[in-house]
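Naming: A, B, ... by sequence-line order, numbering from 1 per chain.
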Amino acid sequence: MSDNSMLDKRYSPEDIEKKWYDFWIEKGYFRAREKSDAPSYCIVIPPPNVTGSLHIGHALDITLQDIMIRWKRMSGFNTLWLPGTDHAGIATQNVVEKHLKAKGTDRHALGREKFIENVWEWKKQYGGTIINQLKSMGASCDWSRERFTLDEGLSRAVREVFVRLYEEGLIYRGDYIINWCPRCHTALSDLEVEHEDVQGKLYYFKYNFVNEEGYVTVATTRPETYLGDTAVAVNPEDERYKYLIGKTVKLPVIQREIPIVADEFVDSSFGTGAVKVTPAHDTNDFEIGQRHNLPFIKIMTGDGKMSEEAGPYRGQDRFECRKNVIKDLDELGQLEKMDDHDMSIGHCYRCKTVVEPYLSKQWFVKIKPLADEAIKAVKDGRVKIVPSGWENSYFDWMENIKDWCISRQIWWGHRIPVWYCDKCEEIIVSRDTPEKCKCGSSELRQDEDVLDTWFSSGLWPFSTLGWPDNTDDLKTFYPTSVLITGFDILFFWVARMIMMGLKFMKDEPFHHVYIHALLRDESGQKMSKSKGNVVDPLKTTAEYGTDAFRFTLAAYAAQGRDIKFSEKRVEGYRHFINKIWNVARFISMNLEETGFVAVKELYSGESRNSVTLANRWILSRLSTVCAEINSTLEEYRFNDAANTLYQFVWHELCDWHVEMIKPELYGDDKELKIAAISTLIHVYEVALSLLHPFMPFITEEIWQTLPVEKGVDSLCIRKYPVAEDGIKDSEAENKMNMIMDVVSGIRSIRGELNISPSLELKAVIRTLDNTESILNENITYISKLARTREIEIGSDIEPPKNAATAIKPSMEIFVPLKGLIDFDAEISRLGKELKKTESNLSFVKRKLHNKEFIKKAPKAVIEENKAKYNEYLEKLNAIQGNIDKLEKLGE
RNA sequence: GGGCGGAUAGCUCAGUUGGGAGAGCACAGCCCUUACAAGGCUGGGGUCACAGGUUCGAGCCCUGUUCCGCCUACCA
């Protein structure tokens, strides 16, 4: 047979991927229907940052979501995968600011309006990047519904939510200590602070009493804050310090006099048991300050420099000031000592600057009432988190949640819908921009701040569907089906969506949350640009093809914590892609003049006789695989699904089935030929369909060339295969297992005794029970796969004298090797086998002799062991017999 | 401080109701057998981290220990 396939020898993804993606889009196959009789299936995409570009984490997210969406679409659901991007307030503003800096200007020079125009420009220019990259991954999103968190519609949702929460008293404004990033010049929520453990120092300062001898020693990790101290606190129960309460001490250098107060918060066992209190620069001190009516002195400005209140240190950077304070107090003899001290320091999650606890006026969401509902929803199973281990973290965080600081002192984002009247101090919170105050004044100032980015993304599952209007989309697709994301944004985003969805839709935003692992580099390190260990998905797909990359990610997606990503594995799955490709070539080479029929016809009437064992077997296996893929996907076991398909296609379909039908294809029996090729095409077509959600491009490319009755013009809308009744054929599977035993037995002898593959062997098989006829019926398979020229089969056959042997449960296989055999090699080979069998036997024997086992183990297990015992025993005897014979011959 | 996860073949990892452990890669041997050398066949390789316990039986369940990783927290 010549290489007359119309397909190239190797699969090259480049042009093919774009071709089919454009085709799907043009046909509108990814578009959801607003109304449909079909059940809905909806996923909202975790919106990537609009200025971002695709990293490997997105790639995993996208792949898993696309697998689910394509699977459900093929399974007949009205599917919606809703795409979009996030304005990503601080992140985007930082990017644009960096850009401005390079141009020698900054946002303050531009002014607010101009700056925002600049960001929109930036968005226009780069916002499409990530979207195009998602498309290149094959994402089957409904692009007609693409949204952006700063869209008009979504902005309306944001204002609606803000106003409603305010009206219910769940949003308030006040002066509190918040996390402040001196570089980004904004407040951060607790979540936006990353803690890092460092080896720091604990400094002990002596504060002298006023008007009497003596001092009290306080300890601090941030010496510069002493400039803002307005008290020293001790625990009221602390016997050592009772006498101090009510006394006054004087701060070194700046000479401020401050009282010593009693507060139960103080832990007597830590440090000296006396605490310096800096109400404007520490969360706890803030509360102590409130309880004792202490002054709040802000010694720092928003950019991390010392303020006017810092006396001689004013204008100094906070860390420079720290050094100077230590030096000065040491010189004055007020530094008693310094100890090493382990502590954790908070950094801004966007720019990594050390954050400062900072007193300022901010907006907050009173979160407890929302959190309570969100806890209930998970507890009673309305929202199911997969894997369920994450529920603990979720509850832990939710139960200890603190009010959410939602105002940010940046410009890019949803501006807070609050206006202040300069005349009468009225505060107006409104959905629309008000023109006048109640007092008649039109001099209204809108709040300068914008909302936390996560405030708008928290509304994503319903704001994107048209809320606050009661749209068809909302009715059809809310609650959505599943949310797929990494655990890094479980609190940031997932928890807040659950709270907001329950609050405003009175219904959970999604039934399932599937949390996948995070991708790390080969050595387990977090991927980061600064480490230079980032795997660029675009480079990977360019080199190996998108399908291979997607399949790798799916195969990696076991339900663990992290994934060590290795390009080698992608390479391995590219081989798999190529294997699949070559089946297509094989088919096209064999199809020529034979033609083919639908498999259903083969199974009906007389044609059934043309269905040989190999064909019945693969159809049976296929039906099992169909069932498995559907059930593993239902349970989000992507890796199991991927492995099952890999195993089936490569090792069952290619290694066994294709090899077995070759004699049928190359023979003269036309009926057999048609049956073989028809079955192969059928199985292959179904396999491609099963694989399509994982590797959409190559499967579509090949599927289009298959000459089967299709009914539809794209694989992406073909019905997803399910296990059909009546195809499962355990008789065929049992027979096939025997054939496989014979073949692998002979191959094993050949391999281990180093007999050339080109040498055709003679085999003698002594059978048990009914196996004789089964083997005889299928003798062509054996001779083809084991490369034998002559096979003798019988139940009462006399074993040849000098032969290599393989013992299987229902037969003994002999390969006479007159003139070829290396007796020692065969004896040692059998010796190994003997040893293995001996240890197996003694294990089972011990079990069966154990009275407790017989008494307590389930019957089925006992029977199983008894059967094994017999099997091992027979095998042992057979092997021993053969060894004896060979030894005799060798003498 | 609290919580969670991991420790299984040389490497990366599966192992879903407890019944003597699997894959991929790597390695070794033989083969360009007419879909595929990005391939085929064969093979070697594991006290399932350690110590106890429950059980007739433990990689799996319980307790403790060690090492790694992550999340979380207001001990100045």
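Going from the P atom of B:rU34 to that of B:rG43 covers 23 Å, rounded to whole Å. Of the P atoms belonging to B:rG44 and B:rC4, the separation is 42 Å, rounded to the nearest Å. B:rG22 and B:rG39 are spaced 23 Å apart, taking the C1' atom of each and rounding to whole Å. Distance noted for atom C1' between B:rA58 and B:rG19: 10 Å (whole Å). Between B:rG29 and B:rA35, the two C1' atoms lie 26 Å apart (nearest whole Å). To the nearest whole angstrom, the two C1' atoms, one in B:rU12 and one in B:rG18, are 27 Å apart.
As a whole-Å value, the separation of A:Glu194 CD from B:rC70 P is 12 Å.
The minimum heavy-atom distance between A:Lys808 and A:Asp741, with the atom names listed, is CE-O, 3.5 Å. The minimum heavy-atom distance linking A:Met338 with A:Leu335 is given by the pair SD-CD2, 4.4 Å.
In terms of polar N and O atoms assigned as donor or acceptor, the side chain of A:Arg637 comes within less than 3.5 Å of the base of B:rU16 in a complementary pairing.
A perpendicular orientation is assigned to the rings of A:Phe638 and A:Tyr514, their planes being inclined by more than 60° (bins at 30° and 60°). Using cut-offs of 30° and 60° for the angle between ring planes, the A:Phe286 and A:Phe296 rings count as perpendicular.
Looking at heavy-atom distances under 4.0 Å, A:Lys855 makes no contact with the nucleic acid at all. Across all strands, A:Arg829 comes closer than 4.0 Å to no nucleic acid atom at all (heavy-atom distances). Using a 4.0 Å heavy-atom criterion, one finds that A:Pro357 contacts no nucleic acid atom at all. Looking at heavy-atom distances under 4.0 Å, A:Val218 makes no contact with the nucleic acid at all. Nucleic acid contact class of A:Glu287 (heavy atoms, under 4.0 Å, all strands): none.
Under 4.0 angstrom from either OP1 or OP2 of B:rU12 there lies no side-chain N or O belonging to A:Tyr573. Within the structure, a side-chain polar atom (N or O) of A:Lys564 is placed less than 4.0 Å from OP1 or OP2 of B:rC13.
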Worksheet item: Base, backbone or nothing for each nucleotide of nucleotides 71-76 of chain B, written B, S, -, heavy atoms under 4.0 angstrom, 5' to 3'?
Response: S-BBBB
Discussion item. For nucleotides 38-47 of chain B, give me one character per nucleotide, 5' to 3': B if any protein heavy atom sits under 4.0 Å from the base, S if the only such contacts are to the sugar-phosphate, - if neither.
Written reply: BSSSSS----
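Between the side chain of A:His347 and the main chain of A:Ile345, a donor-acceptor pair closer than 3.5 Å is present. Side-chain atoms of A:Arg750 come within 3.5 Å of backbone atoms of A:Arg787 as a donor-acceptor pair (strictly under, hydrogens ignored). The main-chain N or O of A:Met695 is never found under 3.5 Å from a side-chain atom of A:Arg550 such that the two would form a donor-acceptor pair.
Among B:rG24, B:rC36, B:rG29, the nucleotide with an atom closest to any side-chain atom of A:Asn582 is B:rC36. Picking from B:rC56, B:rC70, B:rG20 the nucleotide with the shortest atom distance to the side chain of A:Ala857 gives B:rC56.
The aromatic ring centroids of A:Phe492 and A:Tyr349 lie less than 6.0 Å from each other. Outside the 6.0 Å centre-distance limit, the rings of A:Tyr11 and A:His575 are not counted as a close aromatic pair.
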Response to the item:
Annotated structure of RNA chain B as dot-bracket, pair cut-off 3.5 Å, Watson-Crick or G-U only, | for inter-strand, is (((((((..((((.....[..)))).(((((.......))))).....(((((..]....))))))))))))....
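The residue from A:Tyr544, A:Tyr646, A:Trp650 that alone fulfils the ring-ring contact (aromatic ring centres under 6.0 Å, His included) condition with A:Tyr573 is A:Tyr646.
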